[in-house]
Novice: 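Please see the structure below; I have some questions.
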2 protein chains.
Amino acid sequence: MDILFKTFIDHFSANQKLSEKTIAEICNHLSVLNLDKKHVLIKENQRHDFAYFVVKGAVRSYYLKDGVEVNTWFALENDMVGSLHNFKDHPSRETIELIENSTLISINLKRVKPLMFSNIQIANFINAIIEDYALFLEDKIYFSQMMSSINKYLILLDKEPQLFQRIPLTYIASFLGISRETLSRLRAK
Amino acid sequence: MDILFKTFIDHFSANQKLSEKTIAEICNHLSVLNLDKKHVLIKENQRHDFAYFVVKGAVRSYYLKDGVEVNTWFALENDMVGSLHNFKDHPSRETIELIENSTLISINLKRVKPLMFSNIQIANFINAIIEDYALFLEDKIYFSQMMSSINKYLILLDKEPQLFQRIPLTYIASFLGISRETLSRLRAK
DNA sequence: ATGATTTTGTGACATTTGTCAAATGAATTC
DNA sequence: GAATTCATTTGACAAATGTCACAAAATCAT
């Protein structure tokens, strides 16, 4: 088994011990990818069979609104990349693109999903991933509703300082839901 | 089995057939509740062992921001009420309160959760609920980022016209992230 | 029904944020 | 390392929204 697979599998099997057989079965549907900055993983409006786990690198997701890119999230090391729409075989609403040269693990959802109904460990493994994702979404909503833009900026700066080293302010501004000029002025204080 | 349980169970077992035994096991942890308007189901900052399914009625969720209520979502017939934070045994960030006299089914999460690791049908049943919830959250985020307030209002009016019959505009305004005066002015057009 | 309470609507004004334009600074490419 | 592209900052102004105050309408309770 590729040594990188272990990080990914461990990350989502904290609440149950997976048998060797299950681990092998999951690994059958994983691959390691090394891709360059600006590579597009998933295109808006297309169906796509894979989800990804970031081993090393940075990824962003955006969609076009009146021709302007709106950034919806960023993923760094140990984050998952993908969406439930994707998992449910709906076309993606977002484009997902690398911000840095990155190492990713891809998961073939189309092949792993059916195993949920025959292997209980896989059911709970996938469950852990989805739970984690839903918690992330809940936090995101709370964050975006709860805070004024300046507080969002301060909280983000406090909780995810790496973002500001690695991700252009233009992207962060659109993620926060404000124009880059406004973000620039908030920072001036 | 209470006849109301069937609606709930059918609603989340579209992708697998549950055995009689599993259905009975799930029903052990369900109850029917009839509660009055303004009853508080879950209080902000408290842990809570239950999730709910709305058979009949209307429910809202809100938190306090500088002493002002911010409404985060509304649930009507066939919607789930609860949060992942709740499921993961974290204190609730929101208060959940009935807007109308309602009939609900309560699910004892504390008791049902452990069954996921021994009963694969239950694992996939819960999975269906969580997937559904995560899809709801994705839509909510997309909706809130994608649209200008007037478009949010129009879309909501188009997709959930019942909300406007049953839920005060004050709540809807705060859900849309605008003041009630602004909503009132948007409606004037 | 009647008075009290809650909900919704409207006006005047202040504040925030967006937009456009231009300048500066940083990073990348040849 | 000079040139080119991209990212960030700043200013001036317009547009959108919030706030406060109050009026009108609807709803509730006795």
Side-chain angles (χ1 to χ4, degrees), chain A residues 36-40 57-60 62 64-71 74 95 97-102 143-157 161-189, chain B residues 36-40 57-60 62 64-71 74 95 97-102 143-157 161-189:
Chain A
D36 288 342
K37 192 172 168 166
K38 301 216 168 169
H39 179 93
V40 172
V59 184
R60 73 174 175 127
Y62 68 89
L64 291 179
K65 178 183 180 180
D66 308 324
V68 178
E69 291 180 4
V70 178
N71 288 270
F74 310 107
T95 297
E97 182 186 292
L98 303 194
I99 301 181
E100 300 172 357
N101 300 345
S102 306
F143 175 77
S144 76
Q145 279 197 318
M146 185 68 174
M147 316 280 178
S148 61
S149 11
I150 188 149
N151 278 332
K152 283 190 221 172
Y153 169 72
L154 290 172
I155 297 267
L156 202 63
L157 193 59
Q162 338 85 293
L163 285 185
F164 294 86
Q165 313 303 318
R166 296 167 67 179
I167 292 170
L169 287 173
T170 316
Y171 295 168
I172 294 179
S174 103
F175 170 76
L176 291 173
I178 56 183
S179 68
R180 61 206 157 84
E181 291 93 338
T182 302
L183 178 57
S184 183
R185 286 180 185 114
L186 292 178
R187 281 162 62 83
K189 305 186 201 172
Chain B
D36 286 342
K37 191 169 169 168
K38 299 216 171 167
H39 178 92
V40 172
V59 184
R60 73 175 176 127
Y62 67 89
L64 291 179
K65 177 182 181 180
D66 309 326
V68 179
E69 291 180 4
V70 178
N71 290 270
F74 310 107
T95 296
E97 182 187 294
L98 303 195
I99 300 181
E100 301 172 356
N101 299 346
S102 305
F143 175 76
S144 77
Q145 280 198 321
M146 185 68 173
M147 314 281 178
S148 61
S149 13
I150 187 148
N151 278 332
K152 284 189 220 172
Y153 169 72
L154 290 172
I155 298 268
L156 202 62
L157 193 59
Q162 338 87 293
L163 286 185
F164 293 88
Q165 313 303 318
R166 296 167 66 180
I167 292 169
L169 288 173
T170 316
Y171 295 170
I172 294 179
S174 104
F175 170 76
L176 291 174
I178 58 183
S179 67
R180 65 209 158 78
E181 292 91 340
T182 302
L183 179 56
S184 183
R185 285 179 186 117
L186 291 179
R187 282 163 61 81
K189 303 183 201 171

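Chain identifiers are assigned alphabetically (A, B, ...) following the order of the sequence lines, protein sequences preceding nucleic acid strands; residue numbering begins at 1 within each chain. Because the structure is predicted, anything quoted here is derived from the model rather than measured.
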Novice: Go through the structure and list residues passing side-chain hydrogen bond (donor to acceptor under 3.5 Å, both in side chains) with B:Asn151, not counting sequence neighbours.
Specialist: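 B:Asn151: side-chain hydrogen bond (donor to acceptor under 3.5 Å, both in side chains) contacts with B:Ser148.
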Novice: Scan nucleotides 23-28 of chain D against the protein and return all N/O pairs shorter than 3.5 Å with their distances rounded to 0.1 Å.
Specialist:
none

Novice: Would you mind listing every salt bridge (Lys or Arg N to Asp or Glu O under 4.0 Å) that reaches into residues 163-178 of chain A, with sequence neighbours excluded?
Specialist: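 Residue pairs passing salt bridge (Lys or Arg N to Asp or Glu O under 4.0 Å), neighbours aside: A:Glu77-A:Arg166, A:Glu100-A:Arg166.
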Novice: Using a heavy-atom cut-off of 4.0 Å across all strands, would you classify B:Leu183 as base, sugar-phosphate, or nothing?
Specialist: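 Counting heavy atoms under 4.0 Å across all strands, no contact is made by B:Leu183.
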Novice: In whole angstroms, how far is the P atom of C:dG18 from the NZ atom of A:Lys65?
Specialist: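 My rounded result for the distance is 10 Å.
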Novice: With sequence neighbours left out, what residues match A:Phe143 under ring-ring contact (aromatic ring centres under 6.0 Å, His included)?
Specialist: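 A:Phe143 satisfies ring-ring contact (aromatic ring centres under 6.0 Å, His included) with no other residue.
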Novice: What's the CG-C1' distance between B:Leu186 and D:dT17, to the nearest Å?
Specialist: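 Value for this atom pair: 10 Å.
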Novice: Would you list the atom pairs, donor with acceptor, under 3.5 Å between side chains in residues 167-176 of chain B and any protein atom, with sequence neighbours excluded?
Specialist:
unit_1, atom_1, unit_2, atom_2, d
B:Ser174, OG, B:Asn71, N, 2.7
B:Ser174, OG, B:Asn71, ND2, 3.0

Novice: If you measure from CD1 on A:Ile178 to CZ on A:Arg185, what distance do you get to the nearest 0.5 Å?
Specialist: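 Between A:Ile178 CD1 and A:Arg185 CZ, I get 11.0 Å after rounding to 0.5 Å.
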Novice: List for me each residue that meets ring-ring contact (aromatic ring centres under 6.0 Å, His included) alongside A:Tyr153, sequence neighbours excluded, and say none if there are none.
Specialist: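 Partners of A:Tyr153 by the ring-ring contact (aromatic ring centres under 6.0 Å, His included) criterion, ordered by chain and then number, come out as A:Phe164.
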Novice: Once you round it to whole Å, what is the distance between C1' of C:dG25 and CZ of A:Arg180?
Specialist: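 Distance check: A:Arg180 CZ to C:dG25 C1' gives 14 Å.
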Novice: Please give, in whole Å, the distance from D:dT17 P to B:Arg187 CZ?
Specialist: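 Taking atom P of D:dT17 as the reference, CZ of B:Arg187 is at 16 Å.
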Novice: How many whole angstroms separate atom CG of A:Leu176 from atom P of C:dG18?
Specialist: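 Answer to the nearest Å: 11 Å.
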Novice: Rounded to whole Å, please give me the gap between CD1 in B:Ile150 and C1' in C:dG18.
Specialist: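 So the two atoms are 17 Å apart, to the nearest Å.
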Novice: What integer distance in Å separates B:Lys152:NZ from D:dA16:P?
Specialist: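 So the NZ-P distance, B:Lys152 to D:dA16, works out to 16 Å.
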Novice: How far does the helix from C:dA1-D:dT30 to C:dC30-D:dG1 bend, going by the axes of its first and last five pairs, to the nearest 10°?
Specialist: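 Computed angle between terminal axes is 60°.
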Novice: Can you tell me how far the CD1 atom of B:Ile150 sits from the CG atom of B:Leu183, to the nearest 0.5 Å?
Specialist: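 Going from CD1 on B:Ile150 over to CG on B:Leu183, the span is 10.0 Å.
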Novice: For B:Glu69, check salt bridge (Lys or Arg N to Asp or Glu O under 4.0 Å) against everything at least two apart and list the hits.
Specialist: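 Per chain and number, B:Glu69 pairs via salt bridge (Lys or Arg N to Asp or Glu O under 4.0 Å) with B:Arg60.
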Novice: Any idea which of C:dG9, D:dG18, C:dT10 is nearest the B:Ala188 side chain?
Specialist: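 Out of C:dG9, D:dG18, C:dT10, the nucleotide with an atom closest to B:Ala188's side chain is C:dT10.
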Novice: Looking only at side-chain N and O atoms, does B:Ser184 come under 4.0 Å of OP1 or OP2 in C:dT8?
Specialist: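 For C:dT8, neither OP1 nor OP2 has a side-chain N or O of B:Ser184 closer than 4.0 Å.
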Novice: Looking at A:Ser179, does any N or O in its side chain come under 4.0 Å of the phosphate oxygens OP1/OP2 on C:dG18?
Specialist: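 Answer is yes, contact under 4.0 Å.
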Novice: Without swapping roles, check the side chain of B:Asn101 against the backbone of B:Lys37 for a donor-acceptor pair under 3.5 Å.
Specialist: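 Pair found, side chain donor or acceptor close to backbone of B:Lys37.
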Novice: Can you pull out the residues from residues 162-172 of chain A that lie within a 4.0 Å heavy-atom distance of DNA chain C?
Specialist: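 Heavy-atom contacts with DNA chain C come from no residue of residues 162-172 of chain A; none.
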Novice: Does A:Ser144 have any side-chain contact (heavy atoms from CB on, under 4.5 Å) partners at least two apart in sequence or in another chain, and if so, which?
Specialist: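 Counting only residues at least two positions away or on another chain, A:Ser144 forms a side-chain contact (heavy atoms from CB on, under 4.5 Å) with A:Lys152.
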Novice: Is any side-chain N or O of B:Ser149 closer than 4.0 Å to OP1 or OP2 of D:dT17?
Specialist: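 So the side-chain polar atoms of B:Ser149 do come within 4.0 Å of the phosphate oxygens OP1 or OP2 of D:dT17, strictly under.
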Novice: Check the interface with nucleotides 11-15 of chain C: list each N/O to N/O pair with the protein under 3.5 Å, or write none.
Specialist:
unit_1, atom_1, unit_2, atom_2, d
C:dG11, N7, B:Arg185, NH2, 2.7
C:dG11, O6, B:Arg185, NH2, 2.9
C:dA12, N6, B:Arg185, NH2, 3.4

Novice: Sequence neighbours excluded, which residues qualify as side-chain contact (heavy atoms from CB on, under 4.5 Å) partners of A:Ser179?
Specialist: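 A:Ser179: side-chain contact (heavy atoms from CB on, under 4.5 Å) contacts with A:Glu181, A:Thr182.
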Novice: Of all heavy-atom pairs between A:Gly57 and A:Ser102, which one has the smallest distance, and what is that distance?
Specialist: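 Nearest heavy atoms, A:Gly57 then A:Ser102: CA-OG, 3.4 Å.
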